[in-house]
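First up is the structure itself, then whatever we jot down about it.
Computed from a predicted structure; not experimentally measured.
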Amino acid sequence: GVSHVLTLALQELSLLCKRDVNGVGMLYDLLRSRWLQALLKIYECLQHYLGKRPAPVTLQARALSREVVELLREAPQSGEIKELRRLLRSPHLKASPALLSAHDTVAQKDFEPTLPPLPDNIPENEEAMRIVCLVKNNQPLGATIKRHEITGDITVARVIHGGLADRSGLLYAGDKLVEVNGVPVEGLEPEQVINIL
């Protein structure tokens, strides 16, 4: 893996170090550093995990649960069936439709936000529009907005370095905001738009 390649590179560099080629000593020290070795081990572990990533047994756990409940109603009442019915009625699984629905969503990898389709009949003179989706938790957006003096549009005034907007690379100073979280911003004050954000 990567550690083997690094070992080979270190062997080559050790030969060059003896000849005192420019910068080789510094590169040799860098590649021998403990933190780089640790990062490479972490990288190899992650690659190994990604290769063995567990897959869901079913993508339709909620439908399967409903089917099991129906089959249990019709089945002869043995001790195992009574136990299974008791488990399915337990408080842990009372919220099973939501739990199983969440399972199915993750299993189907259907957790990305869906964006509305772009219209087919965009006029040639229409300016380009980007649909940006930023998922923010409790962190600030990392951008300021203002009302354009001439047009009255709400625009991005500044993108703060290192903030969510900057890290995403999706918002730029001067971008016009048309809609935020499905709410049109035309005619709103910047303070009102901030509350929507």
Side-chain angles (χ1 to χ4, degrees), residues 35 38-39 42-43 45-47 49-69 87-197:
W35 63 268
L39 282 176
I42 292 170
Y43 173 79
C45 288
L46 287 173
Q47 290 301 317
Y49 171 77
L50 289 175
K52 296 175 111 183
R53 183 174 26 208
V57 175
T58 179
L59 302 180
Q60 303 293 331
R62 188 172 181 193
L64 182 61
S65 171
R66 279 190 241 127
E67 186 179 335
V68 167
V69 169
L87 286 172
L88 290 174
R89 290 187 193 139
S90 70
H92 303 300
L93 291 179
K94 282 217 175 174
S96 65
L99 177 67
L100 295 176
S101 178
H103 168 275
D104 292 348
T105 300
V106 172
Q108 295 168 13
K109 297 182 180 173
D110 189 24
F111 42 84
E112 293 293 323
T114 54
L115 299 174
L118 293 174
D120 294 329
N121 54 354
I122 298 176
E124 296 253 346
N125 61 351
E126 187 79 21
E127 60 185 66
M129 182 181 295
R130 280 181 291 127
I131 298 174
V132 175
C133 179
L134 292 176
V135 180
K136 99 184 174 108
N137 297 325
N138 293 329
Q139 57 189 339
L141 179 60
T144 59
I145 60 172
K146 68 176 182 177
R147 179 176 300 286
H148 192 276
E149 302 85 27
I150 300 168
T151 64
D153 294 332
I154 301 292
T155 61
V156 175
R158 187 172 147 231
V159 176
I160 298 164
H161 179 73
L164 175 65
D166 179 48
R167 289 192 315 268
S168 75
L170 298 173
L171 284 179
Y172 302 96
D175 283 353
K176 174 183 169 183
L177 299 182
V178 176
E179 192 175 277
V180 175
N181 295 333
V183 179
V185 298
E186 187 175 357
L188 295 181
E189 293 298 319
E191 294 77 21
Q192 294 171 298
V193 176
I194 289 170
N195 289 333
I196 300 170
L197 289 169

Using the side chain to side chain contact (heavy atoms under 4.5 Å, CB included) rule, take Val178 and Glu186 through it: C-alpha gap first, then chi angles, then the decisive distance, then the call. CA-CA 7 Å; Val178 176; Glu186 187 175 357; over 6 Å; no

Output the distance between atom CG (Asp166) and atom CD1 (Ile160), rounded to the nearest 0.5 Å. 9.5 Å

Which residues pass the side-chain contact (heavy atoms from CB on, under 4.5 Å) test with Ile194, not counting sequence neighbours? Ile145

Please say whether more than 12 non-hydrogen atoms of neighbouring residues, nucleotides or ligands are located less than 6.0 Å from CD in Glu67. no

List the atom pairs, with distances to 0.1 Å, where a side-chain N or O of residues 168-175 and a protein N or O form a donor-acceptor pair under 3.5 Å, not counting sequence neighbours.
{"residue": "Ser168", "atom": "OG", "partner": "Ala165", "partner atom": "O", "Å": "2.8"}
{"residue": "Ser168", "atom": "OG", "partner": "Leu170", "partner atom": "N", "Å": "3.1"}
{"residue": "Tyr172", "atom": "OH", "partner": "Gly169", "partner atom": "O", "Å": "2.8"}
{"residue": "Asp175", "atom": "OD1", "partner": "Arg130", "partner atom": "NH2", "Å": "3.1"}
{"residue": "Asp175", "atom": "OD2", "partner": "Arg130", "partner atom": "NH2", "Å": "2.6"}
{"residue": "Asp175", "atom": "OD2", "partner": "Tyr172", "partner atom": "N", "Å": "2.9"}

Give the intermediate values and the outcome of side chain to side chain contact (heavy atoms under 4.5 Å, CB included) for residues Ile196 and Leu188. CA-CA 11 Å; Ile196 300 170; Leu188 295 181; 3.8 Å; yes

For Arg147, the salt bridge (Lys or Arg N to Asp or Glu O under 4.0 Å) test, sequence neighbours excluded, returns Glu189

Closest non-hydrogen contact found for Lys146 with Pro190 is C-CG, 4.3 Å

